[in-house]
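Presented below is the structure to which this report refers.
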Amino acid sequence: AVRVESAPLKIALLLPQGENFDHRWRAASLARSLDTLTAPDGSKVEVVVGLPVASGEVWRNQEAALLRQAPFVTVRHLTWERVQTAVIERMYPDPQIDFTGVEEAVIPRDWGWNFMDCDGWIIFGDCGQGATPPLRPTAVHVRDLAARYVPQAFAQNIHDVFWARQLEALRMWRQALAVCVSDDATRSDAAGYGGIRADRLVTTPRLLPPENSTPETPRESREFTLVWMPRMNPGH
């Protein structure tokens with residue numbers, strides 16, 4: 001008889017596009033929490049971080065910062081690709097996703113497995129990125145829904161594409177297994193503003209850097225200029 005070893009439970013943490021120190025901190029903190037868990041068969045949970053592609057040096061620096069905080073993770077290049085939903089339905093023949101009202105969505109690409117080799121996804125939600133379909137069992141980590149309170153910080157006017165993409169993003173979040181929030185205010189926003197069902201909302205510990213942490217700094221010294229614009233506008 002040949003004993004077949006079961007594959008470890010593999011979870012992908014998918015970060016949104018753009019330079020965001022905060023999201024990387026949260027991903028590393030969440031990865032450390034996942035590292036303390038065991039799969040149903042007793043094996044360790046394997047964590048994969050999808051880090052959006054930037055310039056080579058910037059990406060390597062971001063990867064190194066993640067590995068300093070969570071040296072056990074595997075970091076992959078991630079490209080968010082906008083694809084027509086009709087094409088997605090052909091690419092993934094049984095997604096069981098309702099794309100009603102969504103003509104275009106963004107899917108994670110690593111030009112290998114495209115994270116489909118992972119047993120589950122935790123997507124760091126970004127409304128401005130638009131619809132991200134839950135092609136694997138998916139939880140969405142939502143930092144906040146600040147656009148509800150300071151819309152001018154996210155879009156120039158009511159006709160901006162941001163609002164259409166936010167609506168599409170929320171339609172996908174409602175189909176995820178869970179939407180994770182860290183405080184009661186965001187939980188209330190996710191339910192009342194985002195339309196997330198109460199039984200799919202999960203309150204988790206805050207994923208914040210420790211108070212004595214040192215921010216990432218570029219390897220080479222650079223000069224910075226700080227411009228302070230004092231205006232009575234929370235968008236600033």
Side-chain angles (χ1 to χ4, degrees), residues 11-18 20 22-23 26-27 30 33 50 52 78 80-89 91-92 94-108 115-116 118-208 234-235:
I11 304 296
L13 310 182
L14 305 180
L15 276 62
Q17 193 65 45
N20 197 314
D22 175 77
H23 277 130
R26 290 170 185 265
L30 181 55
S33 296
L78 164 62
W80 289 105
E81 182 177 355
R82 302 198 70 83
V83 180
Q84 293 291 318
T85 53
V87 175
I88 296 174
E89 290 176 313
M91 293 170 62
Y92 305 95
D94 188 27
Q96 296 183 339
I97 299 169
D98 181 5
F99 284 115
T100 302
V102 181
E103 295 185 359
E104 191 177 68
V106 288
I107 59 175
F115 301 98
M116 294 299 290
C118 299
D119 300 288
W121 291 354
I122 299 177
I123 297 174
F124 284 66
D126 180 358
C127 285
Q129 192 164 274
T132 304
L135 297 170
R136 300 295 290 157
T138 297
V140 181
H141 173 74
V142 180
R143 178 180 57 185
D144 59 53
L145 287 169
R148 180 180 186 180
Y149 302 101
V150 283
Q152 67 273 30
F154 294 82
Q156 293 184 351
N157 55 59
I158 196 173
H159 305 293
D160 195 283
V161 69
F162 173 86
W163 304 114
R165 289 184 175 175
Q166 181 188 65
L167 180 61
E168 293 168 352
L170 292 172
R171 284 176 174 166
M172 294 297 103
W173 294 6
R174 294 179 198 129
Q175 298 179 61
L177 291 178
V179 173
C180 304
V181 298
S182 298
D183 58 80
D184 290 340
T186 303
R187 184 185 182 97
S188 176
D189 289 340
Y193 180 68
I196 312 298
R197 281 174 21 197
D199 61 348
R200 293 195 177 183
L201 286 168
V202 178
T203 301
T204 61
R206 285 182 174 273
L207 302 177
L208 297 176

**Fill in**
Residue set satisfying side-chain contact (heavy atoms from CB on, under 4.5 Å) with Glu89, at least two apart, ordered chain then number -> Phe99
**Complete:** Between the CG atom in Leu14 and the CZ atom in Phe115, the distance rounded to the nearest 0.5 Å is 5.5 Å
**Asked** Atom CG in Leu135, atom CD in Gln96: separation rounded to 0.5 Å?
**Response** 11.5 Å
**Message:** Less than 4.5 Å apart, side chain to side chain, heavy atoms only: is that true for Pro134 and Ile97?
**Reply:** yes
**Request:** For Arg200 and Ala176, work out which heavy atoms get closest and say how close.
**Result:** NH1-O, 3.2 Å
**Request:** Please collect all salt bridge (charged side-chain N to carboxylate O under 4.0 Å, His left out) contacts where either partner lies in residues 132-142, sequence neighbours excluded, each pair once.
**Result:** none
**Asked** Under 4.5 Å between any side-chain heavy atoms of Phe162 and Pro151, yes or no?
**Response** no
**Asked** Pro108 and Leu78: which non-hydrogen atoms are nearest, and at how many Å?
**Response** CB-CD1, 3.5 Å
**Request:** Check the pair Leu30, Ile122 against side-chain contact (heavy atoms from CB on, under 4.5 Å), reporting the backbone distance first and the verdict last.
**Result:** CA-CA 10 Å; Leu30 181 55; Ile122 299 177; 3.9 Å; yes
**Item:** Trace of the side-chain contact (heavy atoms from CB on, under 4.5 Å) decision for Leu13 with Trp121
**Value:** CA-CA 6 Å; Leu13 310 182; Trp121 291 354; over 6 Å; no
**Message:** Apply side-chain contact (heavy atoms from CB on, under 4.5 Å) to residues Val106 and Glu81 and explain how you reach the verdict.
**Reply:** CA-CA 5 Å; Val106 288; Glu81 182 177 355; over 6 Å; no
**Message:** Has Gln175 got a side-chain atom pairing as donor or acceptor with Arg171's backbone, closer than 3.5 angstrom?
**Reply:** yes
**Prompt:** Given side chains that start at C-beta, do those of Trp80 and Ile107 come closer than 4.5 Å, heavy atoms only?
**Reply:** no
**Request:** Under the side-chain contact (heavy atoms from CB on, under 4.5 Å) rule, what do Ile123 and Trp173 come out as? Steps first, then yes or no, please.
**Result:** CA-CA 10 Å; Ile123 297 174; Trp173 294 6; 6.0 Å; no
**Message:** Which residues pass the side-chain contact (heavy atoms from CB on, under 4.5 Å) test with Ala146, not counting sequence neighbours?
**Reply:** Asp144, Val150, Phe154
**Item:** Inter-residue atom distance Arg174.CZ - Asp98.CG, 0.5 Å rounding
**Value:** 10.5 Å
Going by atom type alone, with no hydrogens or angles, which donor-acceptor pairs under 3.5 Å involve a side-chain atom of residues 178-186 and a protein atom two or more places apart or on another chain?
{"from": "Ser182", "atom 1": "OG", "to": "Pro205", "atom 2": "O", "distance (Å)": "3.4"}
{"from": "Asp183", "atom 1": "OD1", "to": "Ala185", "atom 2": "N", "distance (Å)": "3.1"}
{"from": "Asp183", "atom 1": "OD1", "to": "Thr186", "atom 2": "N", "distance (Å)": "2.7"}
{"from": "Asp183", "atom 1": "OD1", "to": "Thr186", "atom 2": "OG1", "distance (Å)": "3.0"}
{"from": "Asp183", "atom 1": "OD2", "to": "Thr186", "atom 2": "OG1", "distance (Å)": "3.1"}

**Asked** So do Thr85 and Glu104 actually touch side chain to side chain, heavy atoms under 4.5 Å?
**Response** no
**Request:** Would you check if Arg143 and Asp22 make a side-chain contact, meaning some heavy-atom pair closer than 4.5 Å?
**Result:** yes
Validation: residues 124-133 side-chain donor-acceptor distances under 3.5 Å, sequence neighbours left out:
{"from": "Asp126", "atom 1": "OD1", "to": "Gly128", "atom 2": "N", "distance (Å)": "3.1"}
{"from": "Gln129", "atom 1": "OE1", "to": "Gln17", "atom 2": "N", "distance (Å)": "2.9"}

Using residues 187-197 as the side-chain source, report each donor-acceptor pair under 3.5 Å to any protein atom, sequence neighbours left out, with the distance given to one decimal.
{"from": "Arg187", "atom 1": "NH1", "to": "Leu201", "atom 2": "O", "distance (Å)": "3.4"}
{"from": "Arg187", "atom 1": "NH1", "to": "Thr203", "atom 2": "OG1", "distance (Å)": "2.9"}
{"from": "Asp189", "atom 1": "OD1", "to": "Arg148", "atom 2": "NH1", "distance (Å)": "2.7"}
{"from": "Asp189", "atom 1": "OD1", "to": "Tyr149", "atom 2": "OH", "distance (Å)": "2.7"}
{"from": "Asp189", "atom 1": "OD2", "to": "Tyr149", "atom 2": "OH", "distance (Å)": "3.2"}
{"from": "Tyr193", "atom 1": "OH", "to": "Gln166", "atom 2": "OE1", "distance (Å)": "2.8"}
{"from": "Tyr193", "atom 1": "OH", "to": "Gln166", "atom 2": "NE2", "distance (Å)": "3.4"}
{"from": "Arg197", "atom 1": "NE", "to": "Asp199", "atom 2": "OD1", "distance (Å)": "3.1"}
{"from": "Arg197", "atom 1": "NH2", "to": "Asp199", "atom 2": "OD1", "distance (Å)": "3.4"}
{"from": "Arg197", "atom 1": "NH2", "to": "Asp199", "atom 2": "OD2", "distance (Å)": "2.8"}

**Prompt:** If you round to the nearest 0.5 Å, how far is CZ of Arg26 from OG1 of Thr204?
**Reply:** 9.0 Å
